[in-house]
Protein chains: 2
Amino acid sequence: MENRCENCIIRQFNSLRALNKDELKRVSDSKISKKIKKGEALFIEGQKLDGVFCVRDGVSKLSKLSSNGKEQIVKLTNKGEIMGQRSVIAEDFTNLSATAINDMEVCFITKEIISNTLNTNPNFSLEVLRHLAHDLKEADDVIVNMSQKTVKQRMAEAFIYLKKNYGEDENGFLSLTLSRDDYANIVGAATESLIRMISEFKKKGLIKTEGKKIGVLEEDTLQELADGF
Amino acid sequence: MENRCENCIIRQFNSLRALNKDELKRVSDSKISKKIKKGEALFIEGQKLDGVFCVRDGVSKLSKLSSNGKEQIVKLTNKGEIMGQRSVIAEDFTNLSATAINDMEVCFITKEIISNTLNTNPNFSLEVLRHLAHDLKEADDVIVNMSQKTVKQRMAEAFIYLKKNYGEDENGFLSLTLSRDDYANIVGAATESLIRMISEFKKKGLIKTEGKKIGVLEEDTLQELADGF
DNA sequence: TGTAATAAGTGACAATTATCATGTTTTAGA
DNA sequence: TCTAAAACATGATAATTGTCACTTATTACA
């Protein structure tokens with residue numbers, strides 16, 4: 001009973017908030033809860049999705065392979081986000097792969113229910129529209145950052161972003177721990193270059209590290225750096 | 001009479017195709033036709049839009065200023081596209097500026113009509129959703145290209161894209177003529193770097209130039225280059 | 001618990017791209 | 001049609017970033 005969508009707070013953060021009781025019941029009856037282990041894929045670029053994933057817990061990376069064989073991380077998902085909407089709406093293959101960064105708990109909702117509800121509940125459509133609109137704006141920002149900022153600036157920005165969106169633990173380390181490889185794939189740089197810059201930031205006292213973990217020490221200076229000063 | 005939306009073929013290419021006769025009539029009665037001269041702005045980043053623009057003719061660039069003061073072109077619009085949807089849907093300031101690349105003819109449709117129709121016609125919502133979904137996918141592709149490809153690769157890709165999407169004139173030059181500056185802002189590079197590469201491509205016989213005009217000579221080789229060979 | 005496998009880190013060097021300086025051509029408008 | 005401004009072009013040089021080769025942790029698991 002405790003796993004009914006009706007009682008799930010998560011849906012307040014995504015477009016499912018626009019569903020009425022009946023619709024919610026239908027979603028809940030047909031949804032499938034899944035646990036995804038760190039490192040496992042939810043779906044892979046080019047696949048046909050039969051539905052969307054509602055993230056109850058954990059973080060995943062949405063990435064795409066470049067023709068040079070390197071992975072580019074396009075977005076990190078937050079708790080509460082719906083994944084795979086784009087592909088289901090466009091009735092298209094996914095253009096991205098989704099991989100769990102830590103252990104995840106997700107609910108799978110079939111595309112039939114989604115498109116049904118889209119056709120009958122204008123509020124739901126509007127909510128989805130708003131979310132897509134938001135994603136599109138963020139994507140535009142990423143494009144500009146990627147093309148106009150240096151790797152160092154993008155790095156600084158990434159640390160600030162991770163702190164803002166995922167917080168830090170009691171010792172001041174970022175709650176979300178990423179591999180150096182993942183960092184490189186977010187920032188769009190060679191792993192070695194990125195590691196070198198981490199060392200540099202550390203030497204300058206902007207961040208601290210402990211194994212994989214990274215902590216932000218001088219957020220203001222990082223922000224200035226990100227803005228190009 | 002010939003300027004009624006009901007008779008306008010353009011709408012077949014965008015989400016307005018989902019409107020029924022009544023809705024179309026309402027749009028048509030309230031729409032304002034505008035002519036925009038080359039170089040003029042339709043709207044500017046940070047503005048609040050009171051509606052959307054339906055492009056009847058001409059091409060515009062959607063761009064964003066980076067914190068370093070350089071402009072990044074995020075997208076070129078095609079005839080038939082609707083501009084400003086994202087901002088109207090999210091009830092948000094525009095995140096992009098739109099500037100005419102050549103003389104344009106557009107129709108302005110107020111946001112009241114748009115949101116009204118979104119609330120009452122699920123097919124229209126779905127159409128808009130599909131268009132946003134498409135834009136989002138394209139944006140993801142741009143992100144990957146920007147971060148994983150070299151300037152040279154992006155250049156090659158840009159020429160192919162322009163040929164595919166805007167065609168060429170009787171002499172084999174790209175129909176859409178851009179300034180070197182615009183090219184640089186699409187590709188995300190310094191203007192000087194870009195000009196140098198145009199020279200290089202020309203020397204290698206991949207393209208030809210005549211003043212501002214550029215013509216694709218070896219599309220296959222350009223494609224290989226873009227893919228990294 | 002030992003040992004591959006994987007990830008992190010560093011140095012040397014090469015390739016790419018930006019910047020600055022300057023000259024030439026084109027364009028717009030008085 | 002003359003002239004100033006803007007756009008195009010190229011060289012020299014510096015800064016950024018990638019690549020390759022290698023060493024040193026860490027991690028997973030047989």
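Here is how names work: the chains are called A, B, and so on, in the same order as the sequence lines, proteins then strands, and each is numbered from 1. Computation of the quantities below employed the complete heavy-atom set of this structure, encompassing side-chain atoms and omitting hydrogens, waters and symmetry-equivalent molecules.
Of the residues in residues 187-221 of chain A, those with a non-hydrogen atom less than 4.0 angstrom from any atom of DNA chain C are A/E192, A/I195, A/R196, A/S199, A/K212.
At a threshold of 4.0 Å, the pair A/D140-B/K75 does not count as salt-bridged, since none of the basic side-chain nitrogens sits closer than that to a carboxylate oxygen. Note on A/K35 versus A/D103: no salt bridge recorded, every NZ/NE/NH1/NH2 to OD/OE distance being 4.0 Å or above. Between B/K64 and A/D141 there is a salt bridge, with a side-chain nitrogen of the basic residue lying less than 4.0 Å from a carboxylate oxygen of the acidic one.
Chain B approaches DNA chain C within less than 4.0 angstrom (heavy atoms of the protein), and the contacting nucleotides run 5' to 3' from C/dT17 to C/dC20. Interface limits on DNA chain D: the 5'-most and 3'-most nucleotides within less than 4.0 Å of chain B heavy atoms are D/dA7 to D/dA12.
Screening residues 194-206 of chain A for salt bridge (Lys or Arg N to Asp or Glu O under 4.0 Å), with sequence neighbours left out, gives A/K152-A/E200, A/E200-A/K204. Among residue pairs with one or both ends in residues 218-229 of chain B, those qualifying as salt bridge (Lys or Arg N to Asp or Glu O under 4.0 Å) are B/K163-B/E219; sequence neighbours excluded. Within the structure, every pair that satisfies the salt bridge (Lys or Arg N to Asp or Glu O under 4.0 Å) test and touches residues 170-192 of chain B, not counting sequence neighbours, is listed here: B/K61-B/D182.
By the 6.0 Å and 45° rule, A/K34 does not stack over the aromatic ring of A/F53. With a 6.0 Å cutoff to the six-membered ring centre and a 45° limit on the axis angle, B/K208 counts as a cation-pi contact of B/F173.
Nearest-nucleotide mapping onto DNA chain C: of A/R180 and A/S147, the residue sitting toward the 5' end is A/R180.
Within 6.0 Å of atom CZ in A/F13, 12 or fewer heavy atoms from other residues, nucleotides or ligands are found, so the atom counts as exposed in its surroundings.
When every heavy atom of A/L42 is checked against every heavy atom of A/M83, the shortest pair comes out as CD1-CE, 4.3 Å.
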